[in-house]
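The structure under discussion appears below in the form of structure tokens.
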Amino acid sequence: MSFLQDIPILTFILLSPLLGLAVILLLPGQRAAWIKRTAILATLIPLALSFWLYADYDRAKGGEGYDEAAEWLTIPINNDTNDTVEMLFSFQYALGVDGLSLPLLLLTSIVTAMAAWAAWHVKKRWKAFFGWFMLLELGMLGVFLARDLFLFFIFFEITLVATYFLIGVWGYYNRERAANRFLIYNGIGSAIMLVAFVLLVNTAGFRIEEAAGGHQYIYSGSYADIGANMANPQAFVHLPPEATGGVNPFQMSEGMHWTLFILLLVAFGIKLPVFPFHTWMLKVHQEAPPSVVMIHSGILLKMGAYGLIRFGLFLFPEQAREGATMLAVLGVVNLLYGAILAFRQTEFKLVLAYSSISHMGIVLIGLASFNEIGLQGAVFQLVSHGLISALLFLIVGSLYERTGTTELPRLGGLARSMPFMSGVLLVAGMASLGLPGLSGFVGEFLSLLGLFETKRWLTAAAALGIVLTAVYVLRSVLGITFGPQREEHTALRDARFVEALPMIVLLAFILLLGCFPSALTDTVQMSVGGWMEQLLSSRSGG
Amino acid sequence: MPGETLFEPLRWSDIGIMAPELVLGAWFVLLVVLDLLLPGRASRRSWIGGLTLAGLLGAGVLVLLRMIDMNGSEPAEVISLLGDSYRIDDFGSLLKLFVLAGTAVVVLLGLGTAERDSAITDKGEYFYLLLPAAMGAMMMASSGNLITLYIGLELLSITSYVLAGLRRKSLLSAEATFKYVITGGVSSAFILFGMSYLYGVTGSVQLDAIREALPAAVASYEAFVYVGFGCMLAGFAVKIAAAPFHAWSLDVYQGAPTPVAAFLAVVSKGAALAMVLRILFSTVLFAGVGGSVIGTALKDDILFAVLLVAAISMLLGTLAALRQKNVKRLLALSGVANAGYLLVPIGAGVTMTHSNNVTELIFYLVAYLLMTLGAFAVLTVVGRSVGHDELKGFAGMYYRAPWTAAAMTALVLSLAGLPVSAGFFGKLFILLGAANGKYYWIVAVMVLSSVISYYFYFGLVRQMFMRSGDGMLSERERLSVSEYESLDESGSARGRTQAESVIGELAAGVEDGGPGGQPDPAYGAGTAAADLEGRPDGTVRVPVPTGIVIWACAILTLALGIFPQPLVAVIDSVFSILTDFVPMDR
């Protein structure tokens, strides 16, 4: 038992943004600099705590010791009609980490801290901005920590509301439309998710407990319970039918499995976004303020992938395996579609937006491969793309600040006036196109390697996407940094220290992951490995 | 047996048990007299309004004492009076608390608005008429027999008709009350018609007796039973403003004084919903007892009809609200959609594995009370500050009144069913219940309509936080909004077309310097002064009682959104279908 396992460290991490929120709300609204400093300091707390957790985390044992659970809400549902058996809905305040969520937790705290730094150039209503910002961080941390379905849902919705405000109030010209579109698309996604969760709780969330006056039958939202029941569908076969009044509460037909899997796929596919559901995120990338796009592209999209892995793949391994070809095709479509459209854009933000779609395709490819390498690649790609896109949008924000435009034809030759920022942009671009030695390469390579074992032809098609990526990244990045410089851009100042610091930090992490990928893969391995074992055993068993 | 006990008179000892209702009645009479005796100059708002509030709180304490007394002894029993036509049970007591709390909040809202609304000529009536209305709702909650139920309903309805028309100088208010009388009358007729069929086939108006006679009655007169329940459901659907019987609510809410609209949206609707629940759960639910196939079919059909009305309400309410620009009408449509959500636990019925429908219903009713009354409270403040109830009035609220805007945000989140709010848990409980009963289609409808509703609820947020401006309408917009169209002295505005009357009003406005209509000389300088003082200029002033309402509603909404357990536990420990709806010797 380490020290961290004795204290509720996960709760501390989760609630630490509230501390910042409280201080910010108490500060006078006109003191912009104080508010900004407080916000940056506040984001450093979860950052420090989650790194401490990472250092303390035992890769061989997983996150067992850190789990926290407390009863939050119990609703008796059949007091009146059945005296022999007491049935309850039970929701827990349950938090936990494992190899899947820990990297994303780290990513969240890093990117949020850097985004708080980048929010230095927010020009109005600072108090409200950083208030929502802190709530957003709380929501994101919660999403990756929650181990109860409804707790997860609540945090997911908190990020939705907070992002809506951040886009709608502080965005660019068409901010309201972007915010609306964001709200409606994601609202549909989370509504589908809610339906899936309600169904899951009502079927697989079932467990029996010994209680004082007989048995207690509990419908629980607990991820652990649901996971255990899903892994062992025989759990209730031997249940005497009269105990529940002739109803076997654990009735999950094959059709129900598929329905739930597809509901989850669509729900998280909208967030990811998967090809036909991607239109909302283009507007968001274009209109949201830079610091929010850093978070949106760096973390919020990853929540979709995380949900897909945690609920889609881990709970429904059989369905996911049978649907793997579909996933792989979706991934390749995302990859190629995003890459081709990114090539056609003249607006740098849209290039990056389509590039995000393209890179999320690689995540899907990794997931579809259904082996350890591919899954590790997918998770690696999530973290790596989170860092890279955050860095790219950070630069975009600073560019826009100086030039007032992000149109590619109106930018050029900036390397002359801004050598530092152009250099960072170039490295970030290289990371994005997958240059070995930078983090982007590892994720892509592992994902494709994984898929190559199972689906060679699709991998070949996907490899084409890598080439396209190189083309569009080089076209836009070189177009911005080199070439003829416009007259009005000759006097631009290079990055100030405030701007440079988050760039250096993000760049350092990209380099670190590129050179020592095992820092991440070791952590992921344990969780993914366990899941693979379960999948293999269920395959051999049934 | 029922025949013998039907005419059991009111005994002296019953007075104590019926005390809450009787106190309200007596208090009402006292206030009427007081209103006559008070000198014309005395502020009716503070005297009568304050006393009305005191009376409601007194009745609330009596109900609470009764409830504690009943739950102290094991097992909780039902007190039944007047030959079982009036029953005091936990379901009734919970609803009475709901009604009294809702009415008290409405009075607080009235305290904040009445004095400045020059269209209301009788400030006294405005307050004390709420007492018989609340009394009617309480009688409904306690009724064990269809006649008592009907009397309670009519007492509530007739006072509501008057209340809706209290803004006597406003054409819209007259229109509202007229429409409300007609539709309300028709719906009462439907209810009575349905009841007569039920009496015809079962031979009783007692709910208990109907339950016992129902399986036999269904077997011989199946069609009549369907007609009976069908007509009653339609009538009640009008009262709770469930689609497709909701059309009146938009006009009535718009025309009625805002606190009265809040009363109709919350108290009236809640009481009628409770009645649907009580009638169906103590009769239809047991139609299939003893394995009667037709009876079971009846139960399934009626419950399906309820779910169908629920689904139509949710979809129609939210879809119609998408294009709605008037906040009062928007809240009316939101009330339609919420009526749909509230009908789901009723229509889901009771199964072996799921029988906490009443907990779901009451929890969501409480959430609904908080968020709707809070929203209406904000609307009174905003409407006052800008002189109209259009959506645009909320523009730039962030700059004009940031704290009110923040409170409104919490309420809007709750209305939209987003965490962390009472509305989220209310909807979640209903969803879980419906899914437990395997009504997956209604789950889908609920969730779909929630998502659609994001658009217009967040429309309020957009106005408040993302638009700037003082919320005033341009001249052009004013012409298209007939909101503050007033009756002139001769009442001739009735005959004019809308555009003409607005132009006429504008002309009149130039003459006497105010768009609020010509002050009636009979009401003296006080009204005119109030009218001048309250001239809309976009500055938001929150009167103390309204402020209390807004913040209490917002904070409670958030608190229930984080810790819903206490309320669930209270409802659950107090209420039980077995003891409250069905006698123990079943």
Side-chain angles (χ1 to χ4, degrees), chain A residues 29 71-83 85 87 89 91 125 127-128 139 150 153-158 160-161 164-165 167-169 171 175-176 179-180 183-184 186-195 197-203 217 219 221 244-247 249 251 259, chain B residues 350-360 363 398 402 406 409 413 416-420 424-425 427-429 431-438 440 443-444 446-448 450-455 458-459 461-462 465-467 561-565 568-569 572 575-582:
Chain A
E71 206 58 44
W72 182 25
L73 180 58
T74 51
I75 320 163
I77 52 172
N78 72 338
N79 268 355
D80 298 332
T81 41
N82 194 335
D83 298 333
V85 176
M87 300 184 81
F89 275 119
F91 303 124
R125 292 156 77 167
K127 199 166 166 172
F150 290 101
F153 181 79
I154 286 173
F155 286 127
F156 206 86
E157 294 291 85
I158 289 177
L160 177 67
V161 175
Y164 173 82
F165 275 92
I167 299 171
V169 178
R175 53 183 180 265
E176 274 188 35
N180 273 345
L183 181 75
I184 295 301
N186 285 280
I188 293 171
S190 46
I192 296 173
M193 177 167 72
L194 183 62
V195 172
F197 281 3
V198 165
L199 295 184
L200 259 177
V201 167
N202 264 306
T203 50
Y217 286 21
Y219 287 111
T244 51
V247 191
Q251 278 171 331
T259 314
Chain B
V350 169
T351 62
M352 285 303 275
T353 54
H354 173 231
S355 59
N356 68 332
N357 309 46
V358 177
T359 315
E360 291 164 11
F363 188 94
Y398 170 82
T409 308
L413 285 184
L418 285 165
V420 196
F424 168 70
F425 276 110
K427 276 185 188 167
L428 182 67
F429 295 160
L431 267 183
L432 285 169
N436 194 294
K438 307 253 184 295
Y440 296 139
V443 170
M446 273 186 80
V447 167
L448 179 68
S450 285
V451 175
I452 302 173
S453 74
Y454 288 177
Y455 185 81
F458 274 80
V461 171
R462 270 196 295 286
F465 291 94
M466 301 176 195
R467 304 278 165 84
I562 300 173
F563 304 109
Q565 182 77 61
V568 173
D572 208 73
F575 177 79
S576 146
I577 290 186
L578 283 184
T579 49
D580 287 334
F581 282 174
V582 187

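Throughout, a chain's letter reflects where its sequence line sits, starting with A, and its residues are numbered from 1.
Most heavy-atom pairs under 4.5 Å with chain A: of the set B:Ala569, B:Gly561, B:Ala435, this distinction falls to B:Ala435. Interface remark: of the candidates A:Val201, A:Ile154, A:Ile192, A:Ile158, A:Ile154 forms the most heavy-atom pairs closer than 4.5 Å to chain B. Looking only at heavy-atom pairs under 4.5 Å with chain A, the residue among B:Val568, B:Val461, B:Leu448 that has the most is B:Val461. Ranked by heavy-atom pairs under 4.5 Å with chain A, the first of B:Val443, B:Leu428, B:Thr359, B:Val420 is B:Leu428. Of the listed residues A:Tyr164, A:Trp72, A:Phe150, the one with more heavy-atom pairs under 4.5 angstrom with chain B than any other is A:Tyr164. Here B:Leu432 is the residue among B:Val451, B:Leu432, B:Val447 with the most heavy-atom pairs under 4.5 Å with chain A.
Interface remark: B:Ile452 contributes no atoms to any contact with chain A (heavy atom separation under 4.5 Å). Of the two parts of A:Phe91, only the side chain, counted from C-beta on, holds a non-hydrogen atom closer than 4.5 Å to a non-hydrogen atom of chain B. Proximity to chain B involves both the backbone and the side chain of A:Val169, based on heavy atoms less than 4.5 angstrom apart. Using a 4.5 Å cut-off between heavy atoms, B:Thr409 touches chain A through its side chain atoms alone. Proximity to chain B is limited to the side chain of A:Leu194, based on heavy atoms less than 4.5 angstrom apart. Heavy atoms closer than 4.5 Å to chain B are found nowhere in A:Phe156, neither backbone nor side chain. Only the side chain of B:Leu413 comes within contact range of chain A, with heavy atoms under 4.5 Å apart.
The OG1 atom of A:Thr203 lies 8.0 Å from the NZ atom of B:Lys438; values are rounded to the nearest 0.5 Å. Interatomic distance, A:Asn202 CG to B:Tyr440 OH, rounded to the nearest 0.5 Å: 6.5 Å. Atoms OH and CZ, from B:Tyr398 and A:Arg125 in turn, are 5.0 Å apart once rounded to the nearest 0.5 Å. Taking CD of A:Glu176 as the reference point, atom CZ of B:Arg467 lies at 4.0 Å (rounded to 0.5 Å). The structure places CD1 of A:Ile75 at 7.0 Å from CG of B:Asn356, a figure rounded to the nearest 0.5 Å.
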Practice task
Test B:Asn436 against A:Tyr219 for side chain to side chain contact (heavy atoms under 4.5 Å, CB included), laying out the working first.
Solution key: CA-CA 10 Å; B:Asn436 194 294; A:Tyr219 287 111; 3.3 Å; yes
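A centroid separation of less than 6.0 Å is found between the aromatic rings of B:Phe424 and A:Phe153.
For the pair B:Phe429/A:Leu73, a side-chain contact is recorded, criterion being any heavy-atom separation below 4.5 Å from C-beta on.
Scanning for side-chain hydrogen bond (donor to acceptor under 3.5 Å, both in side chains) contacts around A:Asn180 gives B:Arg462, with sequence neighbours left out.
Of all heavy-atom pairs spanning A:Glu157 and B:Leu418, the tightest one is OE2-CD2, 2.9 Å.
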